Every structure is written in structure tokens, then in C-alpha cells.
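Note that the structure is predicted; figures quoted are calculated from it, not measured. Chain letters run A, B, ... following the sequence lines, proteins first and then strands; every chain starts at 1.
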Number of protein chains: 2
Amino acid sequence: MQCNLAWVRHAGNVAWVRRAAASSQTRSVMSTPRPQIPEATIARLPSYLRALVDLDGNGVTTVSSTELAEAAGVQSALLRRDLSHFGSYGTRGVGYEVPVLMREIGEHVGTGTVWPVLVVGVGNMGRALAHHGASLDVSFQVVAMVDSNPAIVGTTVAGIQVRDQSDLEAVVAECRPRIAIITTPPEAAQQVCDRVVAAGVSSILNFAPVTLTIPEGATVRTVDLSQELQILAFHEARREPATDADTKELVR
Amino acid sequence: MQCNLAWVRHAGNVAWVRRAAASSQTRSVMSTPRPQIPEATIARLPSYLRALVDLDGNGVTTVSSTELAEAAGVQSALLRRDLSHFGSYGTRGVGYEVPVLMREIGEHVGTGTVWPVLVVGVGNMGRALAHHGASLDVSFQVVAMVDSNPAIVGTTVAGIQVRDQSDLEAVVAECRPRIAIITTPPEAAQQVCDRVVAAGVSSILNFAPVTLTIPEGATVRTVDLSQELQILAFHEARREPATDADTKELVR
DNA sequence: GCGTGTGAAGATCTTCACAGCA
DNA sequence: TGCTGTGAAGATCTTCACACGC
């Protein structure tokens, strides 16, 4: 019942810059005609925002594309191209006003909104994420947690009482999370994902080591420790392949 | 001193398929002339491997590109293109032999090797990763952990005694990790990264919310919860922007 | 002058479609 | 016949380089 969030209506003003963008969409279900932002650009916005927040915290009020790009670890031309998708926020010969750009990007990635988040699966990772989410970022608030283990259901983690996974639909209906984080074992992940999406959550952050299938219209991002390590190992093996072809055995 | 790994030399045989691949490398420091594998392909290998392991576990011995691609969530043509970078492992008219392909990809991403991993920063996330790494994946073994907090140094996490961060270089020299996972607060991450790289670790998995700068030749991959959530929020806001322009206030 | 915003070129990545082989 | 492996085409993403406007 208690979902840790009260809603206070505000005068929200997201200014969408219209722009020509026709993409070869096969299926057109009459969606809102907004500027088509490249996925690659979207993925970099958080880095830009972070760099801007840092600059702002240091009292910097103006920044050039070169400086900001360096802070975000990209080329300046790429930064300018990315920003251009949203409109013109810079001044030629000068640069960007930090607070202006910060607010602009912030609106796009949801700063100024507190996004209610559901955590499914309260293992080590789920717990860590709950604490992390509860402390570090004001834009995202864990409002509910569920687990299938009776020993965990009912306990309080990061100030939230863990509910039973069989009540998943009820919890979603009550707390109306916009984002779900899945940290279940891999076997359960797809089923949980299906249920969560069916219940109306269309954004999923998946920490389970499986490839999730979702219906058209929903978004999944998967973060997979093993896969990240394997990608690093691939590069590492190419740097020093000889020693790595060895096999090592554990002591304990 | 004790680093939880003993080394047993084996007859390692990584079969590198030579292939013509000239890329516009500006700097050529006489590196080994190996086939240039696209980064996008590398990032998908772990998914393919996982799907293959699943199939193998289910007793499946042969798989077509269509089936394997579906399991990995990609188009079949893309899978075939990806695999073609490493050579021909399929049989026309039949498909791929699961064990053969599994072993092949496995060798590239380091299966068959136990990669020693160092964890820097033993907070909630570091602990969760240590347990995760210690349990789920046999290819990666946390061999050492360090932290700067005196209250944490000396404690045992996932069977490993946490060492002092000031001994970082000594720990690296003793345990020779090939990969370092950074889970420090953001302020400390860059400095830790520099020290770890200077000590000879060239692969970094960064969980700290900062853009790390590393020297040429090293690899960093950053996993950032807040950024992932912001990317989801971006998409979510475009699905239902009206309600999201509101601001919510926390109850507790 | 200086730095943004952007056409045009280039690089990379994905898909198409089919030749080639079991 | 059926499925792989791959040229060629297409889509997407990045960089170049410079016109434009403060």
C-alpha cells in the first residue's frame, strides 16, 4: 500500500524542438512525430549531464564544446552534433552556458522528475542497487521490492519492505513504477520480465545474465557482469595471448 | 601474500585465424598482425557463447544460424557475419556444431582460463560483485580486494581478506590480476585507475560514475547504474511525457 | 577572432540477397 | 534442398572542415 512516493503536480515544460527526420519505419502506429534522436546520442547524454553538473559545482558558467567534450571523453565535433539534435543552445564564438545546457539535457533524461523504480529480486545485487539507488541519485527512487524467497519477503531493505513476488502485479498496480530493475536468477528473468511488462512497466533494466525478449514498444537494457568481463578478457588475451592459453587451478 | 590462485601450466592452443585486415591505424607500434575484429562483434560474442552453453546443456548438438541468432536476440545474417570474422565453423545446409562453436568462441573470450581479478573499493557494490564473481563464473576469480576505509580493511569478504588501498601496487605485484574492477566513490576512481594501470593492469571494469581517462593500450568499460536509468528515462519520457514533466516529492 | 552548427565525406555497422557447397 | 558465407547495398554513426554569427 505504502509506496514511498507522494505526487506533487508541477508546471512541467519540456520544450521539444521539431525537426525534419524521416526514418524508414516499416510499422507506423501513429506515434508522436518528434525529432528522431540517434540512440548513440541518447546514450551519451548522461555523460554530458554529469560533466555539466561537475562544472556547475565548480562554479564554471561557460564551457566550450572542446572542454565539455574532453570532460565527457568524446570528440568536440561529436558533442556539437549530438547537441544539435535538440536545437541551438550555444553562442558562436563563446560556447555554452553551463546552467542552461544542464537544465536542457536534464529535462531530456528525466532530472526534475523522480522516477519510481521497482526492484525484482533481492539478492546481493538487488540489495546493492537498492542502496545505491536510494542514496546516489535523486531522480530515481526505489518504491518497491519483490522477491520469491520466503526468507527474504517481509524483511526491510533500504527502508523498503520486500513483498512477495506472486504479488508482483498488485505491487505494480499500487506503486506504478515506470522502471523495473530485474536482478533475479537467469531462469526466472524472462517470466518476471513478461509479467512486469504485462502489468504496464515499459522500461526494464536487466541484471540477469540472459537475453530478454520484450514486446514492441518496451525498452530493455541489460547489464551483465560476466559479459563485460569476457569482453575485457578478449582484449586482454590479444595483448598477451601466450600466458592466457594456460589453465589455472584454484587453491581454495 | 596468499592470492587464492595457483598456476598449473597446460597445453594451451588458441588457434588464431589469419585474415587480411588493414585498418586506417594512424599509430602503428608494431603490434601483432591479427584479424581486426569489429568491436560490435566482440561485444556480442558473450551472448552467443551463453546461448551455446544453454543449448549444449539441453543436449542440442547442432544449431542453425537462425536458431542461435534468435536465442541471442540478433538477426541471423549478423550472427553469420560475426562468426565469419573468425573463420568457417559451420556446415552449409546443416548449421553449426554446438560443442565446436562453443569451444571456439570460448577460447576468444577467455573460457578455459581463470582470469585473476582485483576489486578496488569494497562498498555495497564491491561486495555484491565479489560474491557474484566468486560464485557465478568460473572464468573469473577475485584474487584480491582493497579499500581505503580502515574499518573495512582486514575484514573478509567472499573469502578474501581486504587489504589497504595504499598497498595497491604491492597487491598487484603479488597477485598479478589481469583485470581490475573499480567500485570506489567517483572522486577516487581516476586516481585509482591511474595507479592500477601504472602497476600493469590493462583492463578495467569501472562502476564509478565518472568518465575515466586511460593511456593508449589499456581498455576500460564503464557500467553506470544512473546512466542506464537515465537512458531508460529518456525513452520513457517520450512515451508519456505529460505526466513525467511533473515533479514528485518523497514521503520519507 | 573564435567557437558553434552543419553539409559533406568517411568509417563502421547491419541487412539483403544469393552463390556455393554439403 | 537447406543453410552457410559473403559481395553489395543500405543504415547509422563519426569526423572533417568551413560557413556563419556573435
What is the distance from CG of A/L79 to P of D/dT15, rounded to the nearest Å?
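One finds 12 Å between P of D/dT15 and CG of A/L79, rounded.
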Contacts satisfying salt bridge (Lys or Arg N to Asp or Glu O under 4.0 Å) that involve residues 196-214 of chain B (not counting sequence neighbours) are none
Is the closest side-chain heavy-atom distance between B/V196 and B/I204 below 4.5 Å?
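The answer is yes, as the side chains (C-beta and beyond) meet within the 4.5 Å cut-off.
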Taking for each residue the nucleotide of DNA chain D with the nearest heavy atom, is it A/V74 or B/S64 whose nucleotide lies nearer the 5' end?
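Closer to the 5' end of DNA chain D: B/S64.
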Quick one: side chain to side chain donor-acceptor pair (under 3.5 Å) pairs with a partner in residues 179-189 of chain A, sequence neighbours left out?
none
Quickly work out the B/I37 CD1 to C/dT12 P distance and round it to whole Å.
14 Å
What side chain to side chain donor-acceptor pair (under 3.5 Å) pairs are there with at least one residue in residues 189-202 of chain A, not counting sequence neighbours?
A/E169-A/R195, A/Q190-A/D194, A/S202-B/E236, A/S202-B/R239
Please pick, from D/dC13, C/dT6, C/dT15, the nucleotide with the shortest atom-to-atom distance to any side-chain atom of A/S84.
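Selected nucleotide (nearest to the side chain): C/dT6.
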Taken in chain and number order and not counting sequence neighbours, the residues that satisfy side chain to side chain contact (heavy atoms under 4.5 Å, CB included) with A/A71 are A/A51
Nearest-angstrom distance from the residue atom CD of B/E67 to C1' of D/dG2:
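That distance rounds to 12 Å.
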Figure out the CG/P separation between A/L83 and C/dT6, and round it to whole Å.
11 Å
Contacts of B/R44 that satisfy salt bridge (charged side-chain N to carboxylate O under 4.0 Å, His left out) - sequence neighbours left out:
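Expected list: B/D82.
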Between D/dT14, C/dC16, D/dC3, which nucleotide gets closest to the side-chain atoms of B/A77?
C/dC16
5'-most contact on DNA chain D: A/D82 or B/G90, nearest heavy atom basis?
B/G90
Would you kindly give the CG-to-P distance between A/L78 and D/dC16, to the nearest whole Å?
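A/L78 atom CG is separated from D/dC16 atom P by 11 Å.
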Check whether B/W115 reaches the backbone of B/Q141 with its side chain - one donor and one acceptor, N or O, closer than 3.5 Å.
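Checking the backbone N and O of B/Q141 against the side chain of B/W115, no donor-acceptor pair under 3.5 Å is found.
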Nearest to side-chain heavy atoms of B/Q75, which nucleotide of C/dC16, D/dT15, D/dG5
C/dC16
Enumerate the protein-to-nucleotides 19-22 of chain C contacts in which both atoms are nitrogen or oxygen and the separation is below 3.5 Å.
from, atom 1, to, atom 2, distance (Å)
C/dG20, N3, B/R92, NH1, 3.2

For DNA chain D, which residues of residues 41-57 of chain B approach it to below 4.0 angstrom with any heavy atom?
none
Salt bridge (Lys or Arg N to Asp or Glu O under 4.0 Å) pairs, two or more places apart, involving residues 53-80 of chain B
none
Could you pull out all residues at least two apart from B/R221 that satisfy side-chain hydrogen bond (donor to acceptor under 3.5 Å, both in side chains)?
A/E228
Using whole Å, what does the distance between atom C1' of nucleotide C/dT6 and atom CZ of A/F86 come to?
16 Å
Between D/dA17, D/dC3, D/dC13, spot the one nearest the side chain of A/A40, thanks.
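Among D/dA17, D/dC3, D/dC13, the one nearest the side chain of A/A40 is D/dC13.
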How would you list, by chain and number, every residue that makes a side-chain hydrogen bond (donor to acceptor under 3.5 Å, both in side chains) with B/T222, sequence neighbours excluded?
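If we apply the side-chain hydrogen bond (donor to acceptor under 3.5 Å, both in side chains) test to B/T222, skipping adjacent residues, the hits are B/N206.
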Among C/dC13, D/dT4, C/dC16, the one nearest B/Y96 by side-chain distance
D/dT4
Set out, line by line, the N/O atom pairs under 3.5 Å between protein and nucleotides 7-9 of chain C.
from, atom 1, to, atom 2, distance (Å)
C/dG7, N7, A/R81, NH2, 3.3
C/dG7, O6, A/R81, NH2, 2.6
C/dA8, N6, A/R81, NH2, 2.9

Grab the CD-P distance between A/E39 and D/dT14 for me, whole Å please.
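Computing the A/E39:CD to D/dT14:P distance gives 11 Å.
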Sidechain-backbone polar pair: B/D224 side chain, B/S226 backbone, donor-acceptor under 3.5 Å:
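Answer holds: yes.
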Protein-nucleotide distance (B/L101, atom CG; D/dT4, atom P), rounded to Å:
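Distance, rounded to whole Å: 11 Å.
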Can you list the residues that meet the side-chain hydrogen bond (donor to acceptor under 3.5 Å, both in side chains) rule with B/E97, with sequence neighbours excluded?
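Counting only residues at least two positions away or on another chain, B/E97 forms no side-chain hydrogen bond (donor to acceptor under 3.5 Å, both in side chains).
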